[in-house]
Amino acid sequence: MRPELQVEIVSDEEMAIIEAALAAAAARPLLSAAATRGAAALCAAYSTAGDIEDSALPLRRSLLSRFRERRALAVTDITATEWCDKQMEFVLEHGKPESTEAMKAGSDRHAQLEQEVIERVDIAIRSAEESWAVKFMNFIVGTNQLLFNGLTRELPVIGVVEGSWMVGIIDELRMHVDGISFHPILVDTKTRFKATFPSEAQKRNGRLQLMCYKYLWDSLIAEKFPAENFFSYFDLNPDFLLSADVKRYISSLGFNAQTFGDVLKYYKITCHTLSRSQEQLILRYELHADHSLLEEYEFSYDDQWFKDKIQEALSFWLGARDPKFVIEEELWKCKFCKFAPSCLKMASNSRC
């Protein structure tokens with residue numbers, strides 16, 4: 001009989017995962033001019049109406065325009081925001097937290113899982129176009145591996161979610177071993193230092209992460225890729241001539257591409273050959289020490305819940321609302337936040 005595990009509100013390792021997401025968010029530089037104008041327009045729509053003199057003060061730039069200029073939001077940006085708006089703001093304004101042993105252990109485990117099915121190749125990249133070209137080719141390689149071997153990991157995805165560009169890396173996609181269904185299953189594996197179950201807040205955060213991946217994957221499959229918007233937003237040239245190193249890599253995969261636009265054509269064709277993912281998503285929790293499975297948690301994609309969460313997060317990034325503090329039931333998060341001494345929420349609680 002399997003021993004019963006206690007529920008732990010938060011562990012060092014789980015907080016490390018959150019911190020890693022925050023660190024990744026802070027490490028990336030900064031949306032195009034069009035996106036900046038859109039963010040400013042949204043902010044203006046929420047401002048109080050008044051005459052010209054009342055509107056003379058300069059509009060504060062949104063976090064999106066300040067920290068993600070010509071960049072897409074990452075799925076980790078969304079999940080870190082869902083964890084705590086205020087902590088996300090602190091990270092953007094004051095810098096990422098230092099790497100911890102638990103954070104490194106989690107990253108090492110993901111790298112180990114990836115190496116089980118993927119062989120990494122070093123390629124010299126000399127432009128944004130080549131960086132995207134390699135990402136698109138990695139997607140093609142990964143999806144071919146999924147179709148022929150039934151499994152792939154660390155698959156890059158990109159798309160527009162509620163009007164904003166978003167990128168992510170799907171931890172794992174599986175095909176049914178019986179071969180009956182051609183709809184892949186999305187899986188995310190999280191390691192824990194202690195043999196305890198995660199809290200509901202941690203599971204909720206994990207659900208949002210997987211739903212983001214499903215939305216991005218399904219959008220690539222079901223919708224026409226907005227190429228012109230993509231080129232404009234990221235300031236990319238489809239006619240950019242690829243370097244010899246990048247062309248050699250692409251050729252080794254059986255493709256012939258001279259320009260970035262050639263690669264995008266292969267990418268779009270590949271997307272049209274794939275199937276939407278299953279509605280059931282899987283979160284796996286394993287013990288760091290021996291990688292034994294603690295829990296495999298299945299849940300269904302909830303479109304309305306997902307959209308509500310995304311809109312709530314985007315309203316923060318676009319400056320439509322001020323950052324919120326965690327709810328009273330989740331104040332325990334503050335005990336693990338390195339910015340707690342500077343947080344007004346903690347200051348007000350200490351005076352109570």
Side-chain angles (χ1 to χ4, degrees), residues 75 106-123 131-159 167-191 206 209-223 225 246-257 262-287 290-301:
V75 170
S107 298
D108 290 345
R109 178 54 177 157
H110 272 262
Q112 181 183 1
L113 289 170
E114 179 187 17
Q115 289 168 6
E116 291 177 1
V117 297
I118 295 173
E119 181 181 352
R120 283 288 173 183
V121 178
D122 290 329
I123 305 168
S131 177
W132 280 108
V134 171
K135 287 186 177 76
F136 289 153
M137 291 308 303
N138 288 344
F139 176 88
I140 294 171
V141 171
T143 53
N144 283 339
Q145 184 180 53
L146 174 68
L147 296 176
F148 289 102
N149 299 338
L151 175 71
T152 194
R153 292 192 175 115
E154 301 298 312
L155 192 76
V157 284
I158 180 174
V167 294
I169 299 178
I170 302 176
D171 187 18
E172 180 179 320
L173 291 101
R174 305 174 183 169
M175 300 297 284
H176 267 299
V177 293
D178 55 20
I180 296 175
S181 174
F182 293 98
H183 301 280
I185 307 168
L186 273 64
V187 182
D188 196 80
T189 298
K190 299 186 183 300
T191 59
Q209 181 179 2
L210 270 173
M211 288 190 200
C212 283
Y213 294 149
K214 174 177 170 56
Y215 187 94
L216 290 171
W217 170 273
D218 288 353
S219 296
L220 284 172
I221 309 312
E223 300 175 10
F225 187 80
V246 173
K247 287 192 290 186
R248 191 178 303 112
Y249 167 65
I250 295 172
S251 178
S252 72
L253 301 174
F255 296 89
N256 179 28
D262 292 338
V263 175
L264 185 60
K265 290 176 184 177
Y266 291 132
Y267 178 73
K268 292 193 291 185
I269 291 171
T270 299
C271 290
H272 292 157
T273 66
L274 302 169
S275 300
R276 292 170 62 94
S277 60
Q278 292 195 23
E279 294 299 301
Q280 288 295 111
L281 305 166
I282 299 176
L283 270 173
R284 298 181 70 258
Y285 293 92
E286 61 176 39
L287 190 61
D290 59 6
H291 305 151
S292 59
L293 182 65
L294 297 174
E295 181 183 17
E296 189 162 281
Y297 169 53
E298 294 190 24
F299 60 96
S300 298
Y301 177 77

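Reckoned from all heavy atoms, side chains included, excluding hydrogens, waters and symmetry mates. The residues of the chain are indexed from 1 along the displayed sequence.
- Partner of Leu186 under the side chain to side chain contact (heavy atoms under 4.5 Å, CB included) criterion, chosen from Arg174, Gln278, Met211, Lys214: Lys214.
- Side chains of Val134 and Met137 form no contact here, defined as non-hydrogen atoms less than 4.5 Å apart.
- Contact between His183 and Ser277 at its shortest, heavy atoms only, is CB-C, 4.3 Å.
- Contact detail for Leu220 and Ile158: the closest heavy-atom pair is CD2-O, 3.3 Å.
- Among all heavy-atom pairs drawn from Ile185 and Gln280, the shortest one is CG2-O, 4.0 Å.
- A donor-acceptor contact shorter than 3.5 Å is absent between the side chain of Ser219 and the backbone of Leu216.
- Of the inter-residue distances, the one linking Leu264 atom CG with Phe225 atom CZ reads 5.5 Å to the nearest 0.5 angstrom.
- Nearest heavy atom pair, residue Gln209 against residue Asp188, reads NE2-OD1, 3.8 Å.
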Are Ser131 and Lys135 close enough, and set up right, to give a side chain to side chain donor-acceptor pair (under 3.5 Å), and what steps lead you there? CA-CA 6 Å; Ser131 177; Lys135 287 186 177 76; 3.0 Å; yes
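- Separation of atoms CD (Glu279) and CD (Glu298) is listed at 13.5 Å; rounding is to 0.5 Å.
- Here the shortest heavy-atom pairing between Ala257 and Val263 reads CB-CG2, 3.8 Å.
- The closest donor-acceptor contact from the side chain of Ser252 to the backbone of Tyr249 lies under 3.5 Å.
- Other residues, nucleotides and ligands place more than 12 heavy atoms under 6.0 Å from the CG atom of Asn149.
- Side-chain atoms of Tyr267 do not come within 3.5 Å of backbone N or O of Ala133 as any donor-acceptor pair.
- Minimum interatomic distance between Phe139 and Pro156 (heavy atoms only, all atoms of both residues): CD1-O, 3.1 Å.
- In this structure, the side chains of Trp217 and Leu274 come closer than 4.5 Å at one or more pairs of heavy atoms.
- Going from atom OG1 of Thr143 over to atom CD1 of Ile221 covers 8.0 Å, rounded to the nearest 0.5 Å.
- For Asp171 (side chain) and Thr189 (main-chain N/O), a donor-acceptor pair under 3.5 Å exists by modelled atom type.
- Rounding to the nearest 0.5 Å gives a distance of 9.0 Å between CD of Glu172 and OG1 of Thr152.
- We find the CZ-CD distance between Arg284 and Glu296 to be 5.5 Å, quoted to the nearest 0.5 Å.
- Considering CG of Leu210 and OH of Tyr301, their distance stands at 12.0 Å, rounded to 0.5 Å.
- Here the side chains of Leu253 and Val141 are in contact, with some heavy-atom distance below 4.5 Å.
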